[in-house]
Amino acid sequence: MKDPKDRLDDLRVDVERRNPAQPEFHQAVREVLDTLAPVFAARPEYADPAVALVERLLEPERQIVFRVPWTDDRGRVHVNRGYRVEFNSALGPFKGGLRFHPSVDIGVVKFLGFEQVFKNALTGLGIGGGKGGSDFDPHGRSDAEVMRFCQSFMTELYRHIGEHTDVPAGDIGVGGREIGYLFGQYRRITNRWEAGVLTGKGVGWGGSAIRPEATGYGSVLFAAEMLAVRGTVLDGLTAVVSGSGNVALYTIEKLQQLGANPLTASDSQGYVIDDKGIDLALLRQIKEVERGRVSEYAQRRGGSARFIPGGRVWEVPADVAFPSATQNELTEADALALVRGGVQAVSEGANMPTTPAAVRFFQQSGIAFGPGKAANAGGVAVSALEMAQNAGRVSWTAQRVEDELASIMRSIHAVAHETAARYDAPGDYVTGANIAGFERVADALLAQGVI
Ligand code: NDP
Ligand code: 2IT
């Protein structure tokens with residue numbers, strides 16, 4: 001049998017050759033492969049080329065690409081591209097969000113789908129992994145335009161999804177409004193009340209309490225668990241948060257509930273720093289109600305806040321950091337600035353926001369680093385709880401869902417922490433989360449035959 005490191009190198013080279021011009025997918029694959037050597041050494045059947053287990057994990061079960069034509073308010077027709085990558089269903093129906101952002105291409109959707117497979121395995125809730133979306137840009141579009149886009153998108157997507165097949169949800173650019181339009185069109189085309197086909201629905205029509213809050217809340221709870229291992233609490237700490245969307249807003253809310261002081265929020269144009277701590281009611285009004293920009297927050301907040309155009313929140317010294325916007329938003333230089341500023345823990349609310357060099361720098365500096373696969377799994381976990389409620393035609397109280405979320409985040413932290421220790425990498429949550437997720441999917445694939 002080959003040395004595990006050589007076998008992993010071969011797999012990486014093969015993926016890069018077979019999937020050209022997909023840098024985000026290559027990065028996500030490499031981040032996982034780089035941590036698998038110890039589990040290959042301990043369990044040679046995972047590595048055996050004759051079984052091709054990892055080759056199967058690296059190849060999506062199905063990739064769907066489709067045309068999405070729609071008409072704007074002036075009568076002009078636009079054509080976008082729609083995607084759904086059904087990556088792996090060994091543990092349950094494909095599950096994962098839809099992203100509407102101009103940067104979306106097949107490589108971005110594959111990176112997100114690949115990460116989702118391991119994240120969903122870590123929740124322990126019987127969900128496979130998938131992701132989808134479009135290069136449609138919702139910024140500046142009217143509600144009517146967004147509705148027509150969503151209806152056109154679902155007119156193709158509906159034939160590929162279902163409560164037992166593939167269950168999409170939100171991600172960047174897709175929130176409660178878009179899920180509503182998508183669900184309405186699915187119901188109309190299929191003539192079925194199939195609540196479990198999408199998650200992130202409104203609470204009055206099949207949605208779960210706490211789903212909007214779940215990713216941000218979970219990311220803060222994960223940070224609290226990492227700090228507890230080090231004998232610290234969030235109470236009294238300062239925090240930097242990037243983004244100002246779904247994940248960032250509820251990260252800020254949970255930080256404040258736990259006595260921490262979040263100082264920043266950002267969007268693609270820059271960031272705000274508020275010396276008194278973020279006024280969440282004002283930020284929510286601007287972002288959720290008015291769909292405005294964070295720069296407006298500084299104008300309306302009075303003297304304590306400033307908008308730094310083009311700036312990065314990581315230049316603000318703080319005790320804990322929550323990258324909650326998008327991939328590769330925190331570079332090695334940013335990590336250096338954060339460590340100089342005294343950061344103790346980093347919890348990834350976004351997917352792959354920290355570049356590999358920055359992750360290495362945090363780990364070498366002894367910072368507690370929670371990778372997105374573990375730290376932001378609260379969102380998809382509550383999506384799975386939404387599916388459970390839909391299947392039973394019941395709806396749980398917010399308290400019950402929040403208690404379940406807290407217990408799931410504790411257990412994800414524990415499994416990542418214990419797995420890292422078992423594979424001789426104590427405190428390395430990247431290795432722990434990757435191996436724990438990998439083992440669950442790999443064992444299911446092996447048991448189910450050549451599929
Ligand atoms: P939203 O669309 O609600 O918010 C996204 C935020 O990130 C906005 O402030 C946006 O600013 C900013 N942003 C997006 N792209 C860029 C970019 N290229 N450069 C700088 N800023 C950018 O999305 P979510 O909050 O739902 O998602 C944020 C992250 O969390 C993503 O990585 C997503 O994959 C991840 N995630 C989301 C989950 C969920 O349940 N929603 C679950 C787990 C992870 P602007 O408006 O200027 O574009
Ligand atoms: O990245 C993610 O985990 C999400 N966007 C949420 C997926 C879901 O199905 O709730």
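Positions are given from 1, in the same order as the sequence printed here. Counting starts at 1 for both ligands and their atoms, in listed order.
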Atom 4 (O) of ligand 1 has as its nearest protein heavy atom Gly245 CA, 3.3 Å
Arg99 heavy atoms, cut-off 4.0 Å: which ligand 1 atoms fall inside?
31 (C), 32 (O), 33 (C), 34 (O)
Please could you name the atoms of ligand 1 that Gly173 approaches to less than 4.0 Å, counting only its heavy atoms?
2 (O)
Among all the protein's heavy atoms, is there at least one whose distance to atom 10 (C) of ligand 1 comes out below 4.0 Å?
no
Using atom types as modelled and distance alone, determine if a side-chain donor or acceptor of Glu16 lies under 3.5 Å from a backbone N or O of His26.
no
Does a donor on one side chain and an acceptor on the other come within less than 3.5 Å for Glu332 and Thr355?
no
Short N or O distance, Lys119 and ligand 1, threshold 3.5 Å exclusive:
no
Give the atom numbers and elements of ligand 1 that come within less than 4.0 Å of a heavy atom of His139.
45 (P), 46 (O), 48 (O)
For ligand 1, which atoms sit closer than 4.0 Å to a heavy atom of Asp171?
26 (O), 33 (C), 34 (O), 36 (N), 37 (C)
Charged N to carboxylate O under 4.0 angstrom, Asp267 versus Arg293?
yes
Sidechain N-carboxylate O distance under 4.0 Å for Asp275, Arg306
yes
Phe153/Phe100 aromatic ring centres below 6.0 Å
yes
Region of Ser324 engaging ligand 1 - heavy atom pairs below 4.0 Å
backbone
Per-residue contact class, Arg293 against ligand 1 - non-hydrogen pairs under 4.0 Å
side chain
With a 4.0 Å cut-off on N to O distance, would you call Glu115 and Lys373 a salt bridge?
yes
Do Trp314 and Tyr271 have their ring centres less than 6.0 Å from each other?
no
Just need the protein heavy atom nearest to atom 43 (C) of ligand 1, so name the residue and atom and give the distance.
Thr215 CG2, 3.4 Å
For residues Glu290 and Gln285, is any side-chain donor paired with an opposing acceptor at under 3.5 Å?
yes
Do the side chain of Arg62 and the main chain of Glu86 share a donor and acceptor less than 3.5 angstrom apart?
no
Donor-acceptor side-chain pairing of Glu253 and Tyr217 below 3.5 angstrom:
yes
Under 4.0 Å to a heavy atom of Ser266 - the qualifying atoms of ligand 1, by number:
9 (O)
Who's the nearest protein heavy-atom neighbour of atom 13 (N) of ligand 1, and how far?
Ala325 CB, 4.1 Å
Classify the contact between His101 and ligand 1 as side chain, backbone, both or neither, using a heavy-atom distance cut-off of under 4.0 Å.
side chain
Just by distance, do the side chain of Ser365 and the backbone of Ile367 share a donor-acceptor pair under 3.5 Å?
no
Within a distance under 4.0 Å of any heavy atom of Gly349, pick out the atoms of ligand 1 and give their elements.
30 (O), 35 (C), 36 (N), 44 (C)
Set of salt bridge (Lys or Arg N to Asp or Glu O under 4.0 Å) partners for Arg291, sequence neighbours left out
none
Residues Arg56 and Glu59 bridged, charged N to O under 4.0 Å:
no
Less than 4.0 angstrom from a charged side-chain N to a carboxylate O is my criterion; do Asp143 and Arg148 meet it?
no
At what distance is the nearest protein heavy atom to atom 18 (N) of ligand 1, and which residue and atom is it?
Thr326 CG2, 3.7 Å
What protein heavy atom is closest to atom 23 (O) of ligand 1, reported as residue, atom name and distance in Å?
Ile172 CA, 3.4 Å
Among protein heavy atoms, which lies nearest atom 25 (O) of ligand 1, and at what distance?
Val247 N, 2.9 Å
Using a strict threshold of under 4.0 Å (side-chain N to carboxylate O), is an ion pair present between Lys287 and Glu296?
no
Taking 4.0 Å as the limit for heavy-atom contacts, which would you say applies to Arg211 with ligand 1: side chain only, backbone only, both, or neither?
side chain
Contacts table for ligand 2: protein N or O within a distance under 3.5 Å of ligand N or O, distances only.
from: ligand 2; atom 1: 1 (O); to: Gln116; atom 2: OE1; distance (Å): 3.4
from: ligand 2; atom 1: 1 (O); to: Lys119; atom 2: NZ; distance (Å): 3.0
from: ligand 2; atom 1: 1 (O); to: Lys131; atom 2: NZ; distance (Å): 2.9
from: ligand 2; atom 1: 1 (O); to: Asn351; atom 2: ND2; distance (Å): 3.0
from: ligand 2; atom 1: 3 (O); to: Gln116; atom 2: NE2; distance (Å): 2.9
from: ligand 2; atom 1: 3 (O); to: Lys119; atom 2: NZ; distance (Å): 2.8
from: ligand 2; atom 1: 5 (N); to: Lys131; atom 2: NZ; distance (Å): 3.2
from: ligand 2; atom 1: 5 (N); to: Gly170; atom 2: O; distance (Å): 3.0
from: ligand 2; atom 1: 5 (N); to: Asp171; atom 2: OD1; distance (Å): 2.9
from: ligand 2; atom 1: 9 (O); to: Lys95; atom 2: NZ; distance (Å): 2.6
from: ligand 2; atom 1: 10 (O); to: Arg211; atom 2: NH2; distance (Å): 2.9
from: ligand 2; atom 1: 10 (O); to: Ser383; atom 2: OG; distance (Å): 2.5

Using a 4.0 Å cut-off to any heavy atom of Ser244, which atoms of ligand 1 qualify?
9 (O)
Under 6.0 Å between ring centres, would you say that holds for Phe25 and Phe111?
no
protein heavy-atom neighbour closest to atom 3 (O) of ligand 1 works out as Asn246 N, 2.9 Å
